[in-house]
Structures are given as structure tokens and as C-alpha cells.
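Reviewing the structure listed below.
Chain A is the first sequence line, chain B the second, and so forth, proteins listed ahead of strands; every chain is numbered from 1. Just the heavy atoms: all of them, side chains too, but no hydrogens, waters or symmetry mates, feed the values below. In this text the structure is predicted, and so the values were computed from the model without any measurement.
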Amino acid sequence: MVSPSVVHWFRLDLRIHDNLALRNAINEAENRKHILRPIYVIDPEVKNRIGKNRLRFLIQSLQNLDTNLRKLNTRLYIIKGMATVSLPKVFENWNVKYLSVQVDIDPEYVAQDEVIEKFCEENDIFVVKRVQHTVYDVQGILKKNNGSVPLTYQKFLSLVRDQQVRECIELNKKLSDCCKPEDIESNDYDIPSLEELGIEESCLIECKYQGGETEALNRLNMYMAKKQWVCAFEKPNTSPNSLEPSTTVLSPYISHGCLSAKLFYHKLKQVECGNRHSEPPVSLMGQLMWREFYYTAGAGTKNFDKMVGNSVCTQIPWKKNDAYLQAWAEGKTGYPFVDAIMRQLRQEGWIHHLARHMVACFLTRGDLWVSWEDGAKVFEDLLLDYDWSLNAGNWMWLSASAFFYKYFRVYSPVAFGKKTDKEGMYIRKYVSELKKYPTEFIYEPWKAPKSVQTAAGCTIGVDYPKRIVDHDKIHKENMQKMSAAYKLNKEKKSLKRPRSD
DNA sequence: TTCAGCGTTGCTTAG
DNA sequence: TCTAAGCAACGCTGA
């Protein structure tokens with residue numbers, strides 16, 4: 001008979017620190033003298049679902065997690081295959097008695113949970129699920145709001161104002177040898193390389209953001225040491241087109257769970273304490289609260305990542321246009337600022353929040369009239385910090401489908417970038433075809449006379465695309481379409497509402 | 001039921 | 001270099 005095991009299933013909690021579910025598993029293994037097996041499930045076809053950069057970040061995070069687990073006298077076991085297929089077999093082989101896991105609201109995990117929990121119930125495996133990916137228990141917040149979703153940020157803040165946030169959990173005690181399995185050195189459970197997953201590392205550009213908990217904590221501590229900077233932080237005053245990020249880039253670490261949102265919260269509280277500091281929504285704490293806001297909305301709304309069947313989302317008749325979508329996704333719209341942003345995203349996996357505003361507005365209500373769902377899929381592929389709730393929530397915001405309604409405020413692909421980068425240095429970096437263009441034409445190269453284009457070595461329509469739409473004209477037409485969609489939406493709503501007369 | 005007040009981050013022009 | 005007004009006028013919250 002195989003010795004009984006305790007499993008902690010890592011998903012979006014790729015860390016040792018402040019991991020309540022992991023601590024539960026360790027305690028359980030120690031108390032019962034069972035074998036502890038921390039696992040991560042990876043589908044060999046994963047490269048078809050997530051982009052190369054994010055996959056590299058994930059593999060680095062797993063490697064770091066394994067290193068940190070070994071310091072605790074255990075390791076990470078990689079299970080290959082679909083979780084719903086491979087886990088039942090593995091649990092039988094290992095004689096698993098106890099499973100701990102973090103609660104994740106991404107539908108992908110919710111669907112897996114249903115299958116795995118049913119299997120566990122039928123096989124007398126005790127399952128412990130812990131809410132630890134957010135600062136607050138979003139279900140509790142929804143309950144406090146009478147089961148409905150808070151539709152404004154201010155409303156959300158009022159709901160969490162008096163909520164206590166539990167302290168972080170420290171985990172540094174080494175595991176007893178009796179919890180170690182015999183096959184701890186087996187290569188059968190090693191982390192696959194990028195090559196094994198079908199990605200040639202040589203086709204990726206130099207890694208700008210190294211994945212993993214160790215890097216996450218270093219980055220957090222580096223920024224928290226800059227107390228004045230933290231206290232003065234105001235998001236709208238940071239630049240979307242600086243050559244190096246003007247914000248912390250902690251997001252990929254939080255989305256993968258390399259960094260605990262609660263740890264970030266407590267560190268921020270420490271830095272703010274006793275000092276004059278900026279406030280939400282613009283402060284750093286405010287940024288963390290935006291994440292909580294979208295998680296609450298995502299948890300409380302059916303079909304949150306879709307337009308149809310989504311109660312918070314205004315129905316807008318977007319048009320399918322693969323040519324526009326592709327030009328946008330590849331950074332070939334002919335608008336240098338938009339293209340620079342999309343190329344930075346593709347190369348580096350991260351762009352500034354306001355840059356996301358610019359390109360999301362451009363794809364949807366601003367210029368191309370393509371559905372936010374299509375844009376969200378491209379972001380899912382390319383962003384290191386992809387997060388189900390935040391991605392859908394922000395796309396709805398920018399397309400004025402939910403949370404934000406002033407559709408007549410449209411970002412200009414020419415004017416917006418100039419505010420923080422007059423010379424167009426950011427464009428020169430990411431749209432290198434235009435790097436020799438005179439500043440006068442860097443945001444509007446189609447206006448450059450032929451002689452200037454020739455002198456700069458880049459002819460518009462040959463070396464760099466002609467702009468695919470005329471922003472000045474089309475954004476006004478789109479505003480009319482938005483107005484019509486809102487009007488229709490309002491009529492439908494008033495029909496649904498029961499009338500007293 | 002109604003309505004004033006308000007909302008992280010628009011652009012352009014005039015002064 | 002900064003501020004304010006005009007553009008045309010949204011929905012949510014709470015009294």
C-alpha cells in the first residue's frame with residue numbers, strides 16, 4: 001500500500017510567502033505524517049493557449065518556486081496533461097487524502113474545480129479551498145452589497161472601507177523528512193523547458209521581466225524603499241510612453257501569484273503610515289483597489305468576459321473586421337503611436353495602463369469599431385499580467401460598455417502621446433522605420449512631403465503602412481453610433497422595468 | 001419616483 | 001506653461 005499523501009495544487013499562487021492553502025497542506029502532512037506533494041499541472045499544448053512571453057514568465061516562475069520549495073525540504077511536482085484527466089489518475093497512484101488549493105474565479109479554473117471536487121468527494125479526499133488571490137473576500141463584499149455588483153469604484157471603496165485585512169503568513173520552517181516521498185529526486189516530474197513545450201527561446205527577445213517569487217519580492221522591496229515616490233504616486237501623472245516603465249510593473253507577479261496582493265497591501269500601508277500620501281483612485285493603493293473592484297465585478301457577473309448575456313455590459317453593434325483587427329494586433333495601423341504601443345506589447349509583454357487605454361479605445365469606440373472581446377483575446381495572448389477579471393473589466397471600461405459611459409471622450413492617436421513625448425522617442429524606439437522622421441511628422445507621417453519621406457528612408461505606403469482610417473472623421477461617426485446604441489439600450493431597459501401605471 | 005452630484009487619466013481653443 | 005470653457009451630454013448613487 002502506497003503511503004498516504006497530501007497535495008497542494010499550485011495555480012495562480014506561485015509563491016511560498018503568504019500562501020494559506022500551502023500552509024494548510026504542510027500542517028496537515030506534518031500532523032498526519034503523510035507525504036507532501038506540491039504540484040503544478042501543465043498542458044503540453046499550452047503554447048496554443050498562451051503567448052510565448054507569458055509562457056517563459058510562467059516557466060521561470062515555476063523554476064523559482066521549485067528552488068524555494070527545495071529550501072523547505074520538498075519540491076515542485078509537474079503533472080503533464082489536462083488537470084481533469086491527469087489529476088484523478090495521479091491522486092489514485094499517490095493515495096491522496098487531502099488537497100489544498102487557492103480559489104480562482106477564472107472560468108477555466110472554476111470548470112476544473114467542479115470535476116476535481118466531484119472526484120475528491122467520491123474518493124474520500126478532503127478538499128480545502130482558500131481565498132487568497134485578492135485582498136478582500138469578494139464574495140463577502142458582494143453579500144454586503146445585497147448580492148449585487150457595485151458598479152462604481154467609489155461604491156466599491158465604501159464597501160471595503162471598514163474591512164479588516166488579515167496579516168500575511170510566514171512560512172520558513174523546514175519540512176520533516178517523514179513527509180518526503182522516496183521519488184523526490186525523480187526526473188519524471190521536472191519542469192519542462194520552453195523547447196519541450198515547442199517554443200524556441202532564440203525567437204524571443206531578451207527577457208525584460210524575470211518571472212518568480214524571488215524577483216517579485218525584490219521588485220516590491222525596491223519600490224517600497226522609495227517612500228517619497230510611493231507617497232506621491234498619482235497614476236494619471238505617470239507616462240504611457242517613457243522608454244522605461246514609469247510604474248512598478250508588479251502586475252505580472254501579482255497575476256501569477258508570485259506576489260501576494262495582501263503583502264503588497266500591508267507594505268503600502270506601512271509606507272503610507274504617518275506620511276502625507278496620495279489617495280485612491282490615483283494612488284498606488286488605489287491601483288490595488290482597482291484590481292479588487294474588477295475581481296468583485298467579475299465574481300458577481302455571469303458571462304463577465306462576453307458582451308451577450310452580461311448584465312453589466314451595454315450591447316453595442318460592433319462589426320467583425322479581421323483586417324482591422326490584424327493590423328491593430330500587429331502594430332500596422334499607420335498611426336505610429338498606436339503601432340508603437342502594440343509592438344512594445346508584442347515584444348515585451350507589458351505596456352503602461354494609459355497605453356492600454358489608447359489602443360483599446362482605438363480598436364473599439366474610437367476608430368475601428370471592432371468588438372472589445374476581440375481586443376481582449378489579443379491582450380490575453382500577449383500580456384504577461386493577463387488576468388481574467390481585469391482584462392474583461394478594463395476592456396468594457398475603455399469601450400464604454402460598462403463602468404465608464406462618457407463615450408464622447410475619445411483618445412486621439414496623434415495628440416495623446418504628444419503630451420508626454422513631444423519628440424516621439426517612444427515611437428522611434430518601437431517603430432524603427434520612422435526613427436529618422438522629423439519631429440514635426442513623427443505622429444503623423446502621412447503628412448510629410450515625399451521629399452521628407454525619401455530623406456528619412458521611409459515611404460508611407462511602402463515601408464510603413466498608410467493609416468487605415470481617418471481618425472478625425474471616423475471618431476465622430478462612431479460617437480453617433482455609440483449614442484444610438486445607448487439610446488436603444490435605455491429603451492430596452494425601460495421596457496424591462498415593471499411600470500406602476 | 002425623481003433628480004442633483006459625481007465620476008482615476010479627452011481634445012481643442014482662447015486667454 | 002497653465003487653466004478654463006465648449007464640445008454634447010453618459011449612468012450610478014443616494015437623498
In this structure, how many angstroms lie between the [atom2] atom of [N] and the [atom1] atom of [X], rounded?
{"X": "A:Gln315", "N": "C:dG11", "atom1": "CD", "atom2": "C1'", "value": "16 Å"}
{"X": "A:Tyr405", "N": "B:dG5", "atom1": "OH", "atom2": "P", "value": "21 Å"}
{"X": "A:Met482", "N": "C:dG11", "atom1": "CE", "atom2": "P", "value": "10 Å"}
{"X": "A:Phe233", "N": "B:dT9", "atom1": "CZ", "atom2": "P", "value": "15 Å"}
{"X": "A:Leu398", "N": "B:dT8", "atom1": "CG", "atom2": "C1'", "value": "12 Å"}
{"X": "A:His352", "N": "B:dT9", "atom1": "NE2", "atom2": "P", "value": "14 Å"}
{"X": "A:Leu157", "N": "B:dT8", "atom1": "CG", "atom2": "C1'", "value": "11 Å"}
{"X": "A:Lys490", "N": "C:dC12", "atom1": "NZ", "atom2": "P", "value": "10 Å"}

Please report the distance separating the [atom1] of [N] from the corresponding atom of [M], rounded so that it comes out in whole Å.
{"N": "B:dT8", "M": "C:dG14", "atom1": "P", "value": "13 Å"}
{"N": "C:dA8", "M": "B:dA14", "atom1": "P", "value": "16 Å"}
{"N": "C:dA9", "M": "B:dC6", "atom1": "C1'", "value": "14 Å"}
{"N": "B:dT1", "M": "C:dT13", "atom1": "C1'", "value": "14 Å"}

Students often get this wrong, so: under 4.0 angstrom with heavy atoms, is [X] touching a base, only sugar-phosphate, or nothing?
{"X": "A:Leu354", "answer": "base"}
{"X": "A:Lys155", "answer": "sugar-phosphate"}
{"X": "A:Val282", "answer": "base"}
{"X": "A:Phe403", "answer": "nothing"}
{"X": "A:Lys418", "answer": "nothing"}
{"X": "A:Gln154", "answer": "sugar-phosphate"}

Side-chain N or O of A:Lys419 less than 4.0 angstrom from OP1 or OP2 on B:dC11?
-> yes
Is A:Lys406 near enough to C:dG11 that one of its side-chain N or O atoms lies under 4.0 angstrom from OP1 or OP2?
-> no
Using a strict threshold of under 4.0 Å (side-chain N to carboxylate O), is an ion pair present between [Y] and [X]?
{"X": "A:Asp137", "Y": "A:Lys144", "result": "no"}
{"X": "A:Asp385", "Y": "A:Arg291", "result": "no"}
{"X": "A:Arg11", "Y": "A:Asp104", "result": "yes"}
{"X": "A:Lys129", "Y": "A:Asp113", "result": "yes"}

Ring center gap for [X] and [Y] short of 6.0 angstrom:
{"X": "A:Tyr209", "Y": "A:Tyr253", "value": "no"}
{"X": "A:Trp328", "Y": "A:Tyr324", "value": "no"}
{"X": "A:Tyr335", "Y": "A:Trp446", "value": "yes"}

By nearest nucleotide on DNA chain C, pick out whichever of A:Asn145 and A:Tyr407 is the more 5' one.
-> A:Tyr407
Which residue, A:Thr152 or A:Ser483, contacts DNA chain C at a nucleotide closer to its 5' end, judged by nearest heavy atom?
-> A:Ser483
If a pair satisfies salt bridge (charged side-chain N to carboxylate O under 4.0 Å, His left out) and one of its residues is in residues 314-343 of chain A, list it, with sequence neighbours excluded.
-> A:Lys320-A:Asp374, A:Glu330-A:Lys332, A:Arg343-A:Glu433
A:Lys227 atom NZ, neighbour heavy-atom count above 12 within 6.0 Å = no
For DNA chain C, what dot-bracket results from Watson-Crick or G-U pairs at under 3.5 Å, with [ ] for crossers and | for inter-strand partners?
-> .||||||..||||||
Does the side-chain ring of A:Phe408 lie flat on the base of C:dC7, meaning centres under 5.5 Å and planes less than 30 degrees apart?
-> no
As a test of reading the structure: which of [options] is closest to the side chain of [X], going by heavy atoms?
{"X": "A:Ser412", "options": "B:dT9, C:dT13, B:dC11", "result": "B:dC11"}
{"X": "A:Arg409", "options": "B:dT8, B:dT9, C:dG11", "result": "B:dT9"}
{"X": "A:Trp397", "options": "B:dT9, B:dC11, B:dG7", "result": "B:dT9"}
{"X": "A:Leu151", "options": "C:dT13, B:dT8, C:dC10", "result": "C:dT13"}

